[in-house]
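All remarks here apply to the structure that follows.
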2 protein chains.
Amino acid sequence: MPDLSIDVVAKAAGVHRSTVSRAFSRPEAVKSETREHILRVAEGLGYTMSPLAQALRKKTSTFIPLIVPDITNPFFAELAKTMTQAADERGYQLLLCVTNGDPAKTEGYFIAMQAMYAPFGIVAPSTKVDTAALKRFDFGHKVVVIDRVEGDDAVPTVTVDSRRGIMLALDHLHALGHTSIGYVSGIAGTHTAQDRMDAYLELSAESGSAPVVLDSGSDLDAGTRGAEHFLEMEKPPTAIIAANDMVAFAVISALGKSGVRVPEDVSVIGFDGLALGARFNPPLTTIRQPIADMGHIAIELAEKQNIDGSVDHIVLEPELLVRASTSGPRK
Amino acid sequence: MPDLSIDVVAKAAGVHRSTVSRAFSRPEAVKSETREHILRVAEGLGYTMSPLAQALRKKTSTFIPLIVPDITNPFFAELAKTMTQAADERGYQLLLCVTNGDPAKTEGYFIAMQAMYAPFGIVAPSTKVDTAALKRFDFGHKVVVIDRVEGDDAVPTVTVDSRRGIMLALDHLHALGHTSIGYVSGIAGTHTAQDRMDAYLELSAESGSAPVVLDSGSDLDAGTRGAEHFLEMEKPPTAIIAANDMVAFAVISALGKSGVRVPEDVSVIGFDGLALGARFNPPLTTIRQPIADMGHIAIELAEKQNIDGSVDHIVLEPELLVRASTSGPRK
DNA sequence: ACTGTTATTGCAACCGATCTCAGCAACCGA
DNA sequence: TCGGTTGCTGAGATCGGTTGCAATAACAGT
């Protein structure tokens, strides 16, 4: 196909380049007859505007970086999925950026996103977000963060209510008859992980039962270590709350290796609501985060901020998702 | 920061725009003194070239679309992970494109990739790749496919040896003492899935045992249905080969719900070697595909083709990864 | 009929590079 | 000393659009 530029469309439609441009990007500025004619001609030629040329001139592209620590983690994968959808509904393209938790890489992505005129970016942090770094890149490109940010700053965020989630888990377990409930901490040093832990500590205390933190590590092996710790206890808790589904999986897996059954011997509840959990053995009871909503909202927030400069902090409600990894405590 | 264009660097270095350009993209064409001076000045200013402008002019960008059916599937997630790495080692940015198996979307991405001058794209198919569609977009943009393609065409591919993988699984199971081995088919109608199934059928026959296909469906519930089928049999096989890890998970989960234990009651082996499998309950024995290699190779193949026009078909060797979901048959 | 909007469209500069062509200096052998 | 490379750099067109400004057309009101 002969290179299709705006000029060939213009010629074909018998108008000037600029008119074609307007027909596409500022329809109201062109007489409707003309516009329709142009559009028809363009359609016939199979013409589309070059996003690159547009970006160069307008100094704002449709590339939006999605910065995640690890796309292999199903939570981020699910996030990515809903975000791509939300993105191309609005004509954006998602750039997949994985940092492996390396702040240097993150900064690298920031400068890259600047270079390609990204209108904004989405950051799903693995560690507490470096507000300073964000400020340093206050080049007009906005960022929305899927986590709480230190000091509720100028950066929009979307999170779920950690405390509420933990409360849901605790209530569920209490209702089942558990009184001794352990906790295994989450993957990373995010504020979210911190919040969940704090909530567990507080709410446990309030309900009168002593908190039992099986592991407070922040790496992928927290689950395994938590299970080990559990196995060493003379009087282990009858239920375990895992800070997220992945560690719940690890806990159950590690427990299983030692012959401890879930939920017969101990109940385990996760936090995330991953689709994967439904196919785990046993299917995982968990606190569901509305991940799909989070993706859409993140993008909406970013757009909103780009338009009216508003920065919002949305906090979503989690909900209890009962599957099969919890039951009454063993008698 | 004042907009940093090539001209400001040129001015600052006291040379012409074009010289700066050469200093960056064709170093040998510039006197080394001049070049170093320019580079130093640029460095000082914190200047980087605009990928957008470059792409527009050179008609070839650094955006490379990764087209997957579902990033939520850990196989694709792992692929995406290694590809992002391989990609930004070479200065590319990965565009995440998820199709949900919709051919229309795939085509959409093809035209988009054309529009932004992608030098090539990577397709991890959910269904048999539509060679016709590929040809239709023979606009000089190359594609490499992570699957076999009908008729070993002009498109480079990277796959693993399905037959060898199935053989490994079968051998492992035979060595353990199993003689009756069932099979649950894979997620999608790819050639790869087909090849695995065919290999199972053939190799089973060769070894004298009758093949038992528990489910040949191609959706996410194949595992569940396979398990149901298994439960209904009066004389079920003592081991099951799952076409991929995800269906293995589903099989084990479904079996578990009915009180069937793995590997005590039945052995299950997967195919993929997902990291997730290590944290499954029980840890999954599986045939490992060298996913990381696949990602790198895919990109290398694409680059190679772009340079010398060669189209290769790489087939990698799978390997047996013994964890805990297989054991000798129940006596 | 005349002047003052208002709606449309054309013109041309510009976004930030690349690349062909041409100019110029230094160098080489005869 | 002179024509013929060779090496390096500057000019300027170009990639595919956008946009402020000017020009023209159309329409009101008086």
Side-chain angles (χ1 to χ4, degrees), chain A residues 1-39 41-42 45-63 91 112 114-119 140, chain B residues 1-39 41-42 45-63 91 111-112 114-119 139-140:
Chain A
M1 47 207 82
D3 267 11
L4 232 40
S5 76
I6 197 174
D7 289 293
V8 343
V9 180
K11 211 150 305 165
V15 300
H16 190 267
R17 203 144 99 259
S18 49
T19 305
V20 177
S21 172
R22 291 186 191 106
F24 278 90
S25 27
R26 216 142 32 70
E28 76 284 0
V30 97
K31 184 162 55 170
S32 57
E33 278 175 72
T34 324
R35 169 165 38 89
E36 275 162 29
H37 172 233
I38 293 178
L39 260 26
V41 171
L45 267 47
Y47 166 82
T48 327
M49 288 219 168
S50 159
L52 263 36
Q54 286 191 130
L56 178 58
R57 184 62 232 254
K58 304 210 286 195
K59 282 170 169 301
T60 169
S61 71
T62 56
F63 298 111
Q114 177 177 201
M116 46 195 131
Y117 300 129
Chain B
M1 50 207 76
D3 267 12
L4 232 41
S5 76
I6 198 174
D7 288 294
V8 343
V9 179
K11 211 150 304 167
V15 300
H16 190 270
R17 196 145 105 262
S18 44
T19 305
V20 177
S21 171
R22 292 187 192 105
F24 278 90
S25 28
R26 214 139 34 70
E28 75 285 359
V30 156
K31 186 162 54 167
S32 57
E33 279 175 71
T34 325
R35 169 166 36 92
E36 276 161 29
H37 172 233
I38 293 177
L39 259 25
V41 171
L45 266 48
Y47 166 82
T48 327
M49 288 218 169
S50 159
L52 263 36
Q54 285 190 129
L56 177 58
R57 186 60 234 253
K58 304 210 288 196
K59 282 170 170 299
T60 168
S61 71
T62 57
F63 298 111
I111 92 98
Q114 176 176 202
M116 44 195 134
Y117 298 130
F139 35 64

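Chain identifiers are assigned alphabetically (A, B, ...) following the order of the sequence lines, protein sequences preceding nucleic acid strands; residue numbering begins at 1 within each chain.
Per the geometry, CD belonging to A/Gln114 stands 15 Å off C1' belonging to C/dG16, to the nearest Å. With rounding to whole Å, B/Arg57 atom CZ is found 16 Å from C/dC14 atom C1'. For the pair B/Arg26 CZ and C/dT18 P, the computed distance is 10 Å after rounding to whole Å. As rounded to whole Å, 12 Å separates atom C1' of C/dC15 from atom CG of A/Leu52. Regarding B/Ile6, its CD1 atom lies at a distance of 13 Å from the P atom of C/dC15, rounded to whole Å. Atom pair A/His16:NE2 and C/dA13:P shows a separation of 12 Å (rounding to whole Å applied).
Across all strands, B/Ser50 comes closer than 4.0 Å only to sugar-phosphate atoms, never to a base (heavy-atom distances). A/Val20 comes within 4.0 angstrom of nothing in the nucleic acid, heavy atoms only. Note on B/Thr60: nothing from the nucleic acid sits closer than 4.0 angstrom, heavy atoms only. Note on A/Phe24: nothing from the nucleic acid sits closer than 4.0 angstrom, heavy atoms only. Residue contacts shown for A/Val30 are limited to sugar-phosphate atoms, with no base heavy atom under 4.0 Å away. Residue contacts shown for A/Ala55 are absent, as no nucleic acid heavy atom lies under 4.0 Å away.
Between the side chain of B/Ser61 and the main chain of B/Ala55, no donor-acceptor pair closer than 3.5 Å is present.
Along DNA chain D, the nucleotide nearest B/Leu56 and the nucleotide nearest B/Thr19 are compared for position; the residue whose nucleotide lies closer to the 5' end is B/Thr19. Comparing A/Met49 and A/Arg22 along DNA chain D, the residue whose closest nucleotide (by nearest heavy atom) sits nearer the 5' end is A/Met49.
When the side-chain nitrogen and oxygen atoms of B/Ser5 are compared with OP1 and OP2 of C/dC15, none of them lie within a distance under 4.0 Å. In this structure, B/Lys59 does not reach the C/dT18 phosphate: none of its side-chain N or O atoms is under 4.0 Å from OP1 or OP2. The shortest distance between the side-chain N/O atoms of A/Tyr117 and the OP1/OP2 oxygens of C/dC15 is not below 4.0 Å.
Base pairing annotation: C/dA30 forms a Watson-Crick or G-U wobble pair with D/dT1, both donor-acceptor distances under 3.5 Å.
When all heavy atoms of A/Ala10 and A/Val20 are compared, the pair lying nearest together is CA-CG2, 3.6 Å. In plain terms, the two heavy atoms of B/Leu52 and A/Leu56 that are nearest each other are CD2-N, 4.4 Å. Counting all heavy atoms, side chain and backbone alike, B/Gly91 lies closest to B/Thr62 at O-CB, 3.4 Å.
Interface remark: the B/Ser21 side chain does not form any donor-acceptor pair with the C/dC19 base, using a distance-only criterion of under 3.5 Å.
Nucleotides of DNA chain D with any atom under 4.0 Å from a heavy atom of chain B span, from 5' to 3', D/dC8 to D/dG16.
Relative to the side chain of A/Lys31, the nucleotides C/dT9, C/dT18, C/dA17 differ in distance, and C/dT9 lies closest. Closest to the A/Arg17 side chain, of the nucleotides C/dA17, C/dG10, C/dA13, is C/dA13.
Rounding to the nearest 0.5 angstrom, the gap separating the OG atom in A/Ser50 from the CG atom in A/Leu4 is 11.5 Å. Summarising the geometry, atom OG1 belonging to B/Thr34 is positioned 11.0 Å from atom CZ belonging to B/Arg22; distances are rounded to the nearest 0.5 Å.
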Could you go through residues 24-32 of chain B and list every donor-acceptor pair under 3.5 Å that involves a side-chain atom there, pairing it with any protein atom two or more places apart or in another chain?
from	atom 1	to	atom 2	distance (Å)
B/Ser25	OG	B/Ser21	O	2.8

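Just one of A/Ile38, A/Val41, A/Val9 meets the side chain to side chain contact (heavy atoms under 4.5 Å, CB included) condition when paired with A/Val15; it is A/Ile38.
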